[in-house]
Amino acid sequence: MIASIISRLSDASLDVTGSPLWLSVEGLLDLSELDDKSNKRFPKLYVIELTEQAKPDVRGSGPALQSVQAEIGVICLMSKRNGACPSLTPMRQAVRSRLFGFVPQSDSDSDDYEPLWLNGGGLLKINAGHVAWLDKFMTEYTAQAAQ
């Protein structure tokens, strides 16, 4: 699923001046990994799996099936210039327009994902060199027990 989201975002959107809103898109395994990355090329996007929450099977009979909600995060990372925080709004709007309603491809044939929906977001960090914002998206799929 993450690979299809990265692919969807890899074709960078352009701002009003024709400059790319982000230069690259990468996967991230853990939020703490963000500090270890050498972020020399800004602006940049990172895609990360955040959570999964399974719902109980309430059907009562037949093969075991469960709905699973998956939360995906997209981190918008931008450099600060002369100590001023840049506006992340154009980059965030472009990410939302690309992902809201997008149906991610499954890594296996067994999971069919629902279209992504918005799930909030917030400021992740500000340091001397950059500012990071995390936008969250949700999807759902049905997991089936092995026969």
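Side chains are part of it too, since the values below use all heavy atoms of this structure and drop only hydrogens, waters and symmetry mates.
Taking 4.5 Å as the limit, every side-chain heavy atom of Trp133 sits out of range of all side-chain heavy atoms of Met78. Within the 4.5 Å cutoff, no side-chain heavy atoms of Met138 are placed close to those of Glu114.
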Residue pair Phe102, Leu9: steps toward the side chain to side chain contact (heavy atoms under 4.5 Å, CB included) verdict: CA-CA 11 Å; Phe102 172 68; Leu9 293 171; over 6 Å; no
Mind running side chain to side chain contact (heavy atoms under 4.5 Å, CB included) on Lys55 and Glu140 for me, showing each step along the way? CA-CA 10 Å; Lys55 298 176 184 177; Glu140 192 169 294; 3.4 Å; yes
Test side chain to side chain contact (heavy atoms under 4.5 Å, CB included) on Phe100 and Trp117 and set out the steps. CA-CA 5 Å; Phe100 184 48; Trp117 68 87; 4.2 Å; yes
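Here the shortest heavy-atom pairing between Leu21 and Pro43 reads O-CG, 2.9 Å. Nearest heavy-atom pair, Ser106 versus Tyr113, reported as atom, atom and distance to 0.1 Å: CA-CE1, 3.6 Å. Shortest non-hydrogen contact noted between Leu77 and Tyr46 is CD2-CE1, 3.7 Å. Taking each heavy atom of Ala132 and Ile75 in turn, the nearest pair found is CB-CG2, 4.1 Å. When all heavy atoms of Pro115 and Gly101 are compared, the closest pair comes out as CB-O, 3.5 Å. Nearest heavy-atom pair across Trp22 and Met91 is CE3-CG, 3.6 Å.
Few gaps surround CD on Gln69; more than 12 heavy atoms of other groups in view lie less than 6.0 Å from it. A 6.0 Å sphere centred on CD of Glu52 holds more than 12 heavy atoms belonging to other residues, nucleotides or ligands.
Under a hydrophobic-cluster definition in which Ile, Leu, Val, Met, Phe, Trp and Tyr are linked whenever side-chain heavy atoms come within less than 4.5 Å, directly or via other members, Val74 and Leu118 are assigned to the same cluster. Hydrophobic clustering places Phe137 together with Leu123 (ILVMFWY residues linked when any side-chain heavy atoms are closer than 4.5 Å, directly or through intermediates).
Shown are Val47, Thr139, Asp135, Leu116; of these, the side-chain contact (heavy atoms from CB on, under 4.5 Å) with Leu99 is made only by Leu116. Evaluated for a side-chain contact (heavy atoms from CB on, under 4.5 Å) with Leu28, the options Leu45, Ile48, Ile2 yield exactly one hit, Ile48.
Between the side chain of Lys80 and the backbone N or O of Val131, no donor-acceptor pair lies under 3.5 Å. No donor-acceptor pair under 3.5 Å is formed between the side chain of Arg8 and the backbone N or O of Pro104. When atom types are taken as modelled, the side chain of Ser10 and the backbone of Ile6 share a donor-acceptor pair closer than 3.5 angstrom.
The CG atom of Leu50 sits 9.5 Å away from atom CG of Asn119, with the distance rounded to the nearest 0.5 Å.
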